[in-house]
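Just so it is clear, the values below take in all heavy atoms, side chains as well, and ignore hydrogens, waters and symmetry mates. First the proteins, then the strands, lettered A, B, ... as listed; each starts at 1.
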2 protein chains.
Amino acid sequence: MLSNRQLLILQVIIDEFIQTAQPIGSRAISKKNQVTFSPATIRNEMADLEDMGFLEKTHSSSGRVPSEKGYRFYVDHLLMPIDLSQRDEETISGVFNQGMVEFEQIIQNSVNVLSELTNYTSIILGPEVYATTLKQIQIIHLSKTTAVAILVTNTGHVEHRSFTLPKEINSLDLEKLVNILNDRLVGVPIIQLPQRLQVELTSILDHYIKDVATAFNYLKGALLDQQPSNLYVGGITNMLLQPEFSDVAKIHSLYSVIEQEEIMANILRSQNQGIHISIGQENKITEMQDCSLITATYTLKGQQLGTIALLGPKRMEYSRVISLLDRLSKDMTDTFHNW
Amino acid sequence: MLSNRQLLILQVIIDEFIQTAQPIGSRAISKKNQVTFSPATIRNEMADLEDMGFLEKTHSSSGRVPSEKGYRFYVDHLLMPIDLSQRDEETISGVFNQGMVEFEQIIQNSVNVLSELTNYTSIILGPEVYATTLKQIQIIHLSKTTAVAILVTNTGHVEHRSFTLPKEINSLDLEKLVNILNDRLVGVPIIQLPQRLQVELTSILDHYIKDVATAFNYLKGALLDQQPSNLYVGGITNMLLQPEFSDVAKIHSLYSVIEQEEIMANILRSQNQGIHISIGQENKITEMQDCSLITATYTLKGQQLGTIALLGPKRMEYSRVISLLDRLSKDMTDTFHNW
DNA sequence: GTTAGCACTCAACTCTTTCGAGTGCTAATA
DNA sequence: TATTAGCACTCGAAAGAGTTGAGTGCTAAC
């Protein structure tokens with residue numbers, strides 16, 4: 001177990017390193033006024049902390065730098081929750097007090113605000129479809145052989161797909177079909193749409209004219225297309241501001257991972273409820289192993305809707321970031337609740 | 001005027017520099033087999049070309065590097081149009097042969113393909129609204145006080161806006177209103193919508209019940225909201241691959257310009273029809289003055305619809321890039337023509 | 001248990017040297 | 001007269017040597 005003195009020293013080192021990104025020496029620590037003992041004592045403690053794996057040296061006569069184990073310990077045991085500054089508080093409230101009704105707007109705003117406040121990269125996974133239900137299907141003809149299918153969900157989200165139609169299908173059949181589908185599918189959770197469509201197909205084949213079934217087959221393709229990945233990213237270029245990413249090659253590999261939205265979406269999707277922190281090697285994606293990822297989920301009736309995340313250097317301002325994410329995810333949960 | 005020998009030397013230097021990004025010396029030029037004269041002769045010619053402002057030295061005993069005037073001359077007089085390689089040809093055709101009906105898909109694909117083929121950053125300005133017309137307006141209630149307005153254009157583009165409604169308005173009034181609007185506005189170019197809405201408002205106030213007018217006032221806000229900027233960007237991270245952008249600060253300032261979509265959109269919007277090249281200082285935006293921007297427009301019935309652009313170092317592969325843009329803009333023009 | 005003292009380490013910086021790819025100029029050549 | 005060989009010169013880049021200073025670990029004294 002760590003002594004109180006060791007805890008204090010570890011905390012001072014990590015706090016300081018988060019600010020400066022420079023190795024911390026014994027003399028610098030001894031100057032802190034919470035610290036009453038001499039540099040020599042601190043050096044002894046630091047050597048012990050290093051033996052235990054909480055600290056590292058960049059070279060044999062350098063100051064100490066936190067190891068990943070050190071960050072992990074810091075996050076698990078030393079972190080004091082801090083209250084948000086008034087500015088942070090107001091900025092976040094601002095997002096929710098503009099009377100916006102579309103969740104895209106709210107999320108887009110949140111992403112921007114988060115990355116501005118923190119100087120890290122913020123990533124939000126939009127509400128998963130399984131919590132939203134179908135409000136209405138519309139089909140609008142563009143020409144004889146093309147049409148747009150529009151799905152509206154109860155959250156005000158609009159999805160649309162264009163598709164081609166064979167000439168044999170007349171618009172009356174199509175209209176009939178849309179009416180049938182609306183009758184039967186409104187209120188169905190989006191996630192269940194594919195199965196429900198299968199069921200309806202059989203039923204329609206049994207009860208209605210063949211032409212409608214044909215139209216249905218065409219429409220189905222448009223409706224079943226996989227969902228777009230629903231991922232919002234802000235402040236990617238903030239990474240360039242961090243001294244640990246002055247290496248162009250490093251940044252490039254990180255960017256190419258973020259660009260592949262499916263990868264990020266999967267990571268965020270698989271997060272457990274609440275706030276979760278992955279530090280360095282704890283991240284599965286190699287390119288992210290110089291980073292920390294902090295995620296928070298937002299929910300509707302206890303069910304997980306989506307995820308808010310911040311990606312930054314391991315040397316993150318953990319406590320502030322946690323407060324920010326906590327606050328934002330709660331506000332987001334509230335907003336969806338009041339829908 | 002430049003002698004043939006000077007033209008040849010200038011061309012060799014620029015071609016070579018585009019490949020290597022290294023200053024070119026007289027000996028290297030003399031080794032090219034189109035070149036029959038000695039390094040000493042070449043040095044004399046290079047000194048003259050430098051006096052005329054087409055070449056520069058990075059330091060007093062270095063090889064030569066093209067100046068911006070040099071690139072401009074190269075682009076205006078030395079560029080030989082080259083045929084696209086089979087691979088380029090096929091990749092571009094691929095975008096248009098997938099039977100996609102939504103222009104968003106086509107443009108998104110084009111942006112990706114362009115940046116992959118060139119390793120530069122590609123930017124496309126989507127079809128301007130003035131060439132598209134309204135196909136249909138739909139209003140869908142989400143709750144008592146919220147609704148989504150959906151606009152569909154003849155190109156299959158779907159715009160939607162959520163808005164809040166006061167309780168006094170019943171859905172019957174709203175439906176009436178939508179019918180009136182559809183009757184009067186279908187076929188109207190999107191760009192004229194704002195004015196036309198004003199006209200209709202007066203007319204509605206004169207002829208219809210007051211409640212409809214109130215509903216209209218609410219809806220108007222949603223419909224008149226400024227258009228989203230319609231800009232598609234691909235391969236931003238490609239800039240990191242160019243040796244001239246190994247400086248993180250430079251990249252960061254360039255990125256922050258690209259991030260401000262309105263700036264880029266305005267640049268692309270103001271381009272003249274056809275292919276246009278801005279080299280270095282010719283760009284108005286300071287942050288882009290280390291870059292070249294090549295733009296090509298696509299049209300519908302002679303009217304400019306949008307712009308395709310590539311942003312890269314001044315040392316661009318001009319001839320290949322021009323062929324690519326030329327081909328893509330033609331294919332895009334054709335696609336919109338066949339709509 | 002704590003700390004002063006001291007020898008030691010190493011990155012970062014500066015200064016110097018060396019190397020070589022390049023130049024410009026002059027004088028010889030075709 | 002236009003071209004070229006030859007040569008002295010320039011300067012960046014790389015490699016090596018010396019200096020500095022912030023840091024360490026260890027020992028012995030308090």
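Judged as a salt bridge (charged side-chain N to carboxylate O under 4.0 Å, His left out), and not counting sequence neighbours, A:Glu259 has no contacts. Applying the salt bridge (charged side-chain N to carboxylate O under 4.0 Å, His left out) rule to B:Asp326 yields the partners B:Lys330; only residues at least two apart in sequence or on another chain are considered. In terms of the salt bridge (charged side-chain N to carboxylate O under 4.0 Å, His left out) criterion, residue partners of B:Arg315 (sequence neighbours excluded) are, by chain and number, B:Glu244.
Identified under the salt bridge (Lys or Arg N to Asp or Glu O under 4.0 Å) test for residues 283-297 of chain B, with sequence neighbours left out: B:Lys250-B:Asp290. Within the structure, salt bridge (Lys or Arg N to Asp or Glu O under 4.0 Å) pairs that include any residue of residues 7-24 of chain B comprise B:Glu16-B:Lys32 (at least two apart or interchain). Among residue pairs with one or both ends in residues 62-88 of chain B, those qualifying as ring-ring contact (aromatic ring centres under 6.0 Å, His included) are B:Phe54-B:Phe73, B:Phe73-B:His77; sequence neighbours excluded. For the ring-ring contact (aromatic ring centres under 6.0 Å, His included) condition, no pair includes a residue of residues 2-34 of chain B, sequence neighbours left out. For residues 47-57 of chain B, the set of pairs meeting the salt bridge (Lys or Arg N to Asp or Glu O under 4.0 Å) definition, not counting sequence neighbours, comprises B:Glu50-B:Arg64.
Proximity of residues 3-28 of chain A to DNA chain C (heavy atom under 4.0 angstrom from any strand atom) is restricted to A:Arg5. Residues of residues 33-43 of chain A that place a heavy atom closer than 4.0 Å to DNA chain C, in numerical order, are A:Phe37, A:Ser38, A:Ala40, A:Thr41, A:Arg43. Only A:His59, A:Ser60, A:Ser61, listed by number, bring a heavy atom of residues 59-68 of chain A to less than 4.0 angstrom from any atom of DNA chain C.
The nucleotide range of DNA chain C contacted by chain A, defined by atoms under 4.0 angstrom from heavy atoms of the protein and reported 5' to 3', is C:dT2 to C:dA11.
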| request: Give the intermediate values and the outcome of side-chain hydrogen bond (donor to acceptor under 3.5 Å, both in side chains) for residues B:Thr41 and B:Ser38. | output: CA-CA 5 Å; B:Thr41 312; B:Ser38 77; 3.2 Å; yes

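The backbone N or O of B:Ile294 sits nowhere less than 3.5 Å from a side-chain atom of B:Tyr318 that would complete a donor-acceptor pair. Remark: side-chain polar atoms of B:Thr307 are paired, donor with acceptor, to backbone N or O of B:Leu268 under 3.5 angstrom.
Nearest heavy-atom pair across B:Ala28 and B:Ile24 is CB-CG2, 4.4 Å.
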